[in-house]
Amino acid sequence: MTIANPTNPILWTDRASASKRRNWLTRSAAAIAITFILVALLAPLLAWHQPIVCKYQGKYYFPAISDTASRLPLVGSWFQKAKPFRFPSFDARTELEPNAFALWPPVPYGPMEMVADANCAASRAHWLGTDDRGRDVLARLIHGACVSVRVGVYSMLLAGIVGIVIGGAAGFCGGAIDWMCSRLIEIMMCFPAFFLILVVMVWIGNGVTGIILVIGLTQWTSIARLVRAEFLSGRELDFVDAARSYGASGWYIALRHLLPAALAPTLVALTFGVADAILLEAGLSWLGLGVGADVATWGGMLRDAYDQIRTHPGLMTAPCAAIFISVLCCHILGEQLRRSLDPRIGFGESRS
Amino acid sequence: MTKSTHTSQETERQAPRLRISNLHVSFANRAHRWLQRNASRIHAVHGVDLSLQPGACLGLVGESGCGKSTLARAIMGLVPLDRGTVALDGSDVQCTNSRSSRQRIQMIFQHAHASMNPRMTVESIVTDPLRFDDRCRKSERTQRVAGALQLAGFDEQLRGRYPHELSGGQLQRVAIARALVLEPDVVICDEPVSALDVSAQAEILAQLKDIQQTRSLTMIFITHDLDIAAAICDRLAVMYLGRIVESGPTAEILRHPKHPYTHYLSTARNLERTGGLAQLEGEPPSPTAPPAGCAFHPRCPIRTDQCIAQTPSLASTGQPSSQHQVACHHSDRIVELQKITTTD
Amino acid sequence: MSERSAHSMFEVTDLSVRYARGEAPVLRDVSLTIDRGESIALVGDSGCGKSTLALAAIRLLPKTACIRGSIVLRGDHRAMPVDILGSDERAIERVRGRRIAMVFQDPIGSLNPVMRIEKQLAEVLRVVRGASRSTARRAALESLDRVGIADPIRVGRAYPHELSGGMAQRVALALALAGEPELLIADEPTSALDGIVQAQIVELIRETQRQTNLSLLLITHDMAIAKSLANRVCVIEANRLVDDCPIDQLTASNRHAATERLIQAAEFKRSAAITLMERTP
Amino acid sequence: MWHYILKRILLTIPTFVGIVLLTFLLIHQAPGSPATGSAGGFGESGVSAADHARLRAQFELDAPIIVRFGHWMKRVVCFDFGQSFADGRPVSQRIAERLVPTLTLTFAIIAIAFAIVIPVATYAATHPGQLVDKIILAACVGFYAIPPYILGMILILLVGVALNWFPFAGLTSDDFATLSTWQKFKDVISHSALIGSCFLIPLVAYLVPFVRATMLSVLKEDFVRAAHARGLSHRRVMLCHVLPNTLRPLLTVMGLIVPAVLGGSVVLEVMFSWPGMGRLLFESIHDRDYPVIMGMTVLTAMIVLGVTLVVDLLYAWADPRVRYV
C-alpha cells in the first residue's frame, strides 16, 4: 500500500458564493507574482550602484542595462561573452565627473553597498531606511527577490522534471520499475527535507546553484508520487483501454492521454512548491547556510533583523512582508490553478 | 484491402469471420498474492469457444462477474490470454499482432463517459483512432469523422463539446462513432445501454441494430438483460462463472432453454409474474473458489451426484442439425424444472 | 382524489423544490397521496425530479433547498399526523426509520464502509427499537435472516465492500425495515442490480409488503419494475406530475404522452423478444 | 490482516537499506574523503587536516568500500555512531538527550492540533458558506502563508519582548535545579509555549481546510444520508458515521506532519535556543562534527520510517478496504 497523496488544503469549496471575490483575489495575486518576477529580472534597473546610462570619458555606457542583460536566464551568458554593450570598468559613484550625464536607477544603491549611517529611519533618500551596516533596505529587498524567484522557479522546474520522469516511469511501467521507484521515493521522504538539505549544503558549500540543485533534488518526491498515482489510476481507466484497442502505442497513450491528466495536479503542486522553495531558501539563509553573505537575500535580511530584534524591531517588516506576500501569492495562484485545470469545472464553465 | 474482396474470397458462407477457441484468462488473486503457498488464480474465462459468421450478431448474456467483460477484453487483446486463440478470418490475431488486423475488431465500452478522455472534444475523440490508421490520409480525417458521427446519429453541431457536456445517449453515440471510424469488421459492444435511461436505451439499440444490418457488421453484444439481447441478437451464448453454459439461436433459447440457469434468467424477466414462479436462490459463487464439477450445481434444484463430480461440456441437444448447445448433464430433465416453477 | 384522501396515510400537496434560491425548480406543484398498504411507483427519466421528491418526503434535502407546499404523514391510529416539512428536527428524527424508511439506489454506498454489517444493524435496532446491547446482535442476525440472507453470521461479520450488490441491497432493506415503518421509500432499489438479483429483490419487497401491510413509494425509471410492484403509477416529466393512474388502466388509450412513451420504451425490448419468439416455430 | 501487517513490515526493509546506503554515500562524499579531497564546508575555512584524519579514522575511509558499507550498516543497526568530535562523548548519547524534548514537542503539538482542528473543522463543514466558515477559512489561508520563523520572530517581539509573558530562550530557567517538580513542569511548558505555537499555528491552518473539505465530501456520501434516513440522531450520525470516515485521511497526513515538524525545527530551535534535534544538527554543522551529523540524519530517517509504518498499520486498522490490497 502506498500512502494517499499529500493534499494541500482545499479552500473555498463552495463555488458559486465566492467566485467573484476569488476572481479579484486571483488577479491581484497574479499581478503581484508577475511584479515579483519582473523585479527579479530587472533588479539592476531598479536598484544598483551604477547608473542606467552615463557618459564617462566622452563615451556612453549602460552599466545597469548590461548588468541586467547578463543576468537574464538563457541569453545572459551570451551577453557576457558577446558584449553587445560597453561593459563599464569603473565605479560610477567615485569616478564619474560630478556634472557628467548619468541616469540613475530609482534606488541608486547596490544591495551590499554601505551608503549611509546604520539603522536610518525611512526617508526620501532611503525609502525603507537602512540596516545595521548602513545598507539600503529597499535595494536589498529588490535584489533579494532575484534570489527567491530564481530558487523558487528553477528548483521547482528541476523537481518537476525529475518527479514527472520518475513518477511517470513508475506509474506507467509498473512491476519492478514501479517497485524500485516507489522505494526510492519512500527513502527520500524519510529524510526531513530541511535536514537533508542542510547536510548536503555542508558538503557542497554556499551558492545559489547549489541551493537550487539541492532543493530541486529533494522536493521532487511529492511530484513523483502525484504523477505515479495519476498514471496508475489512469492506466485503469476505460479511455486508456479504448486507445489501446484502436492501436495507440504506449508512448502515445502516456504522452497524450496520461500525461495531460497528470500535468494539471503537478502544476498545482509545483505552484505550492515554489512557496516551499522560497521558504526553504530563506530558512537556510537565516541560518547563514544559504547563498552566502555576499548576496542580499530575504532570509539574510531577516537574520540581520533578528539580531537586533530588541533594538530595531522595525527592520523585520520589509523581509517579513516580502516573504509572506510571495508565499501567499503562490498559495492563491495554486488554488486557482487547481480549480481551473479540473476539466469538469474549468473548461466546461468557461466554454458554455 | 477492401470489404468486397473479402466477401468474394469467402465463397462458402461457412468460413467464420471471428473464431475464438479454447480461451482461458486468469488473474492473480490480489487478496492472496502474498505469502500464501496456494496463491490462487481467479479463472475469469474458462475454455470459451465461439465462432461468428460475417454479419452475425451474437449476444453474450450473464450476470455481472461471470466473465463476459473479461472475454471481450481478451478478444480485444487488452488482457493477456492464458491459452487459446482469437482468429479473424482464419488468421490468429495474437500471432500477426499487426496494428491493422487488431483495428478490424473495435469495442464500445460500457461506461461511455469513462471511455473518453475528459480533456478532448468529441471531434478529437473520434479523430484519435484515425492517427493509427495507416490507410487514412490526414486530409481524409475530417470527412471520415463526419461520416462516422453521422452514422452513429450524432448531432454535428455538438462536435466541439467535451464529454461532460453531453447526455448519456449522446455520449454513447460518440462511442459508437469512435468504434466505427476505423471501419472495423467486428464490433464488440460491452453493455452499451445499461447505463442509460429506458427511452435512450431503445434509441441506441435501434441505431445499433440499424448499423449492424446496413453495414453487415459482425457483432458481439454483451448484456445482462435477456430482453435487450433478444431485441438485437440472432444468436445467444449464456455465460456462468467463466464458461459458456448454453448457446444457440436466440428464439430457440428463449422458447426452450435447456440449461437450468438460462431457464431462471428468462423467468426473472417476467417481473410481474415472479410471485407465481420459484426463483433462483443465492448469489453466483465467487470465482476464487469455483464449485467442483458443474459450477451451477450449488444453486441447481435438479442436481445429482454426477453434477458435483463431473464438469459438463457444451454439447448439441436434440437433433444434431440444430445449433443449440448446452453444458448440462440433465438438459433432458429441464421439463421437471418448468413444472416445479409453475406449480409453486 | 378527494374521497381517497380520507384514508390516505401520506399526502404531498403542491410541492415545489428548488435547490438554491434563483435556480430553476426541480419539482413544480406536485401533489400525491398514498393509501395504507398501497404501492405507488413514481416513474420518469433521470433528472426529472423523482429522487428529489423521495428526499423531500423524508426531509433529507440540503438545508439550502427552497421548499414550498406541504407533506403530511397521517399514518394509522397509533400515531398523530406529522407535518414533515413543518416539524422540528427532533420530531423528524423520530419519524425517520420508525414510520418512514428509505432504501437507496447504490446499496454498497449506502452502508458505512468502515463498520461491520451487524454493528450497523445493531445500532439501528438499538436506536429505533430500543433494543438492549445484548439483544441487538441477536436481533440483527434475525433481521438478516428475514431478508433472505442464507448465512447471517458470515454476512454480519463482513464489511460492506465484501458484499455483492444484491446482498448489500438485502442488508439495506433489513436496515430500513428495522423500525417497522409504515411507508417505505425505495429510490431505484434494483437499477444497479442484475436480472436474477433484481427479481429476487422485487420479490423480497413484495413479500415484505404482504406480511406487514407496508405502503411503498417506489422510484424508478423502468416501467417494467413499476408494473411489477405498484398498484398505481405516477409519471413525472419535466419536473411536473403529468399522470397518475391505477396499474390496470395503464394500457387505456387516453394516457398522457409521457406515460405512453415510457410504456413503449419498456415494451420495445420485450416486444422484440416476443416477435422473435412468434416468428420462429 | 496479519498478511497485510507482515507484508508492510517486510516492505520497510528495502527502505531501511536504502536509507543506510544514502547516508553512506553522503559520508563517502564528505570533505576529506578520497572522493573530494579537501572541498570546504561552509564559512571561510575549509576542513582542517586534523579533521581529515579523524574523519578518515572514524569512518574508516581507507578501507575497501564493501567493508566500509558493512561497518556502517552494523553501526546503524546498533545505534553506534562513534564519538562526537566536539566533546568526545558517544554520538548516540548526545542525540538521545536532544531526541526526548523534540519528540515530546512533536507529538504534543500533533495532539493539540487535532484537539483544535476537529471541532473547528466540524463547525465549518456543517455551516458551509456562512460567515464564520468564511472567516475560519480566510484566517487559515493567511496563517498558513506565514512562515514559521517569521511567526517566531513576531511572537518573540510581541509576546516575549513587548508583553513579556513567556520566556523565549532555552528549555529551562537558570534556577531549574532548585524548583519543585510541579514548578519544573510549568517552567518547561512556559519555555516551550512560544516555539510550540510556531509549529502549531501553521499546522492548524493547514489541517482545518483539509479536514473541512474531507468532511464536506463525506457528508455528501450516500451512507450519511442513509444513516439519517434510518432515524439515527444528527449527533449520532456525526459521531459514529461522519467523524470516523473523516479522520481516516487525517492519519495519512499525520505521517507527513512528523518529518515536516522535525525538519522545520532547525530554524525555530536555533531562534528560540531550544535544545532539540534541530539545534543539535545546526551546532554540529557549525563544528563540522561529522559523526553527529551522520547519526542525526540516519536516526531522523529511522524515526520517520517508523512513524510511517505505524500510520500505515493504523490506517489498515481503521479502513478494512486497504487490508486486502
Side-chain angles (χ1 to χ4, degrees), chain C residues 20 51 54-55 57-64 89-90 92-116 119-121 123-129 157-162 168 171-172 174-181 184-187, chain D residues 1 3-4 122-134 214-252 311-325:
Chain C
S51 290
L55 291 177
I58 196 164
R59 213 171 88 185
L60 279 175
L61 288 173
K63 281 185 193 141
T64 49
E89 193 64 28
R90 273 286 156 78
I92 291 297
E93 275 170 12
R94 270 200 299 279
V95 168
R96 290 186 194 137
R98 294 157 179 92
R99 301 185 63 187
I100 306 180
M102 187 164 177
V103 282
F104 294 82
Q105 175 171 12
D106 173 15
I108 296 173
S110 69
L111 300 172
N112 187 342
V114 298
M115 233 169 154
R116 288 186 199 278
K119 234 185 128 190
Q120 303 195 32
L121 263 166
E123 181 191 32
V124 170
L125 286 167
R126 285 215 323 268
V127 170
V128 172
R129 226 190 262 167
R157 299 285 301 162
Y159 287 100
H161 72 276
E162 296 168 316
V171 172
L175 283 163
L177 299 174
E180 291 165 357
L184 177 70
I185 303 170
D187 186 0
Chain D
M1 183 74 190
H3 286 146
Y4 177 79
T122 308
Y123 183 85
T126 45
H127 301 82
Q130 292 183 7
L131 186 66
V132 181
D133 177 41
K134 284 179 185 167
T214 319
M215 186 171 279
L216 273 180
S217 67
V218 172
L219 281 172
K220 281 199 192 95
E221 288 208 42
D222 247 10
F223 70 84
V224 176
R225 199 185 265 174
H228 277 295
R230 276 168 218 151
L232 305 184
S233 65
H234 181 72
R235 211 181 123 83
R236 191 173 189 99
V237 173
M238 289 304 285
L239 282 179
C240 301
H241 295 266
V242 176
L243 260 186
N245 282 289
T246 308
L247 296 188
R248 259 182 300 116
L250 208 57
L251 267 180
T252 325
V311 164
D312 271 8
L313 294 182
L314 277 178
Y315 197 94
W317 170 74
D319 189 345
R321 283 168 295 186
V322 303
R323 288 177 207 166
Y324 305 99
V325 178

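Quantities reported herein were computed from a predicted structural model and do not represent experimental measurements. Note on naming: letters A, B, ... go to the chains in the order of the sequence lines (proteins, then strands), and numbering restarts at 1 for each one.
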Distance from C:L60 atom CG to C:F104 atom CZ, nearest 0.5 Å? 6.0 Å
CG (D:D312) and OH (D:Y4) are apart, to the nearest 0.5 Å, by 4.5 Å
Decide, yes or no, whether a salt bridge links C:E123 with D:R236 under the criterion of side-chain N to carboxylate O below 4.0 Å. yes
Note: vs chain C, highest number of non-hydrogen pairs under 4.5 angstrom among D:S233, D:C240, D:P244 is D:S233
Could you tell me which portion of C:I92 (side chain, backbone, both or neither) has an atom closer than 4.5 angstrom to a non-hydrogen atom of chain D? neither
Segment of C:Q120 engaging chain D (4.5 angstrom heavy-atom cut-off): side chain
Taking side chain as everything from C-beta outward and backbone as N, CA, C, O, which of these in C:V114 sits under 4.5 Å from a heavy atom of chain D? Side chain, backbone, both or neither. both
Between CG on residue D:L219 and OG1 on residue D:T214, distance to nearest 0.5 Å: 10.5 Å
Report which part of C:I58 has an atom under 4.5 Å of a heavy atom belonging to chain D: side chain, backbone, both, or neither. side chain
Based on non-hydrogen pairs under 4.5 Å, which of C:N112, C:L55, C:V127 is most in contact with chain D? C:N112
Hey, what's the ring geometry for D:H234 with D:H228, parallel, tilted or perpendicular (30° and 60° as the breaks)? parallel
